[in-house]
Participant: 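Provided herewith is a single structure, encoded as structure tokens, for subsequent inquiry.
Just so you know, ligand 1 is whichever comes first in the structure, and atom 1 is the first atom listed for that ligand. Start at 1 with the first residue, then count along the sequence. Below, all heavy atoms of this structure are taken into account, side chains as well, without hydrogens, waters or symmetry copies.
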Amino acid sequence: MSAAAKKIYLFANWKMYLNYAESRSLARALKKTAHDLPQRAGMAVFPSALAMVGVKEELSGSPVLLGAQNTYWVDRGGYTGEVSSAMYKAVGVRYALVGHSERRTIFHENNHDVRQKIEALLAVGITPVVCIGETKPERQDGSAEEVVEAQLRAAFTDLAWPEGRELIIAYEPVWAVNTGEPCAPEEAGRMCSLLKKNVAGLLGDIPAVFLYGGSVRPENVGDFIRQTDISGVLVGGASAKLETWSGIMAAAVK
Ligand code: PEP
């Protein structure tokens, strides 16, 4: 499918960049610009847990979907500081990031946690956006492919994927996230093709969508979207500012 025809996913991970008022304000601005996007472009924003409901109110009536940055797999109980998949589902969240590199490296989330989260999200009807990627030393020592394949196996082996549920995987090399050092688009495309082959081996014939994430900017987004097996981008820092996110949206659908 040509880049001009394929469905494009534009996912904005606001991380911990915006407070409550700033999150609402950006959502209000995006509600206006979202209507200018072609129908084949789907946008989702991933605000902090604190801002989720306020952002939802601002986006009411717009096609922009809501995503959570992190979830916990138990529905409710004595888990101080956590927010469950079920709680996000109850306020209309459609997507949730799982295994983001900042969760894996700073908060020591492991492949077992990732799997628990995926299962809990599927059980409540939220689509996990499973983040996969190797660190710089792993790339340098030639084990990048082995690492991402192991992450995929931990996430999906013997998992019954619910019929009709989207399957979204973000290739986010750890060394490219929040560093200003993006992966070369052709290499990101090659890694996504490898992930695609592996996912087919693990889950069978389910259409999977692959996003690239890591220092995406208005000037490089088009090069990622043009790769055959990349259908969109997961953007952090540049998505939390109206100007750069508008530039990314415009360049992505050109
Ligand atoms: C991310 O948070 O998923 C991400 C890719 O961050 P950044 O765009 O800032 O590199």
Participant: Could I get the full list of side chain to side chain donor-acceptor pair (under 3.5 Å) partners for R115, not counting sequence neighbours?
Facilitator: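 Testing R115 for side chain to side chain donor-acceptor pair (under 3.5 Å), a comparison that skips the adjacent residues, returns E119.
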Participant: Does E181 pair with K136 as a salt bridge, N-O distance under 4.0 Å?
Facilitator: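 K136 and E181: salt-bridged.
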Participant: Check residues 243-250 and write down every donor-acceptor pair under 3.5 Å in which the side-chain atom is one partner and the other belongs to a residue at least two apart or another chain.
Facilitator:
unit_1, atom_1, unit_2, atom_2, d
T244, OG1, A238, O, 2.7
T244, OG1, K241, O, 3.4
S246, OG, L242, O, 2.7

Participant: For ligand 1, what are the residues with a heavy-atom contact below 4.0 Å?
Facilitator: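 Protein residues near ligand 1 are N13, K15, H100, E172, A176, V177, N178, G213, G214, S215, L234, V235, G236, G237.
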Participant: For I206 and L203, which heavy atoms make the closest approach, and how far apart are they?
Facilitator: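 That closest heavy-atom pairing would be CD1-O, 3.5 Å.
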Participant: Could you go step by step and tell me if R165 and T127 meet the side chain to side chain donor-acceptor pair (under 3.5 Å) rule?
Facilitator: CA-CA 7 Å; R165 172 74 36 209; T127 298; 2.9 Å; yes
Participant: Who clusters with L211? Use side-chain heavy atoms, under 4.5 angstrom, across I, L, V, M, F, W and Y, and order the result by chain and number.
Facilitator: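 Once heavy-atom contacts under 4.5 Å are chained together, L211 belongs with Y9, F11, F46, L65, Y95, L97, V129, I168, V209, L234.
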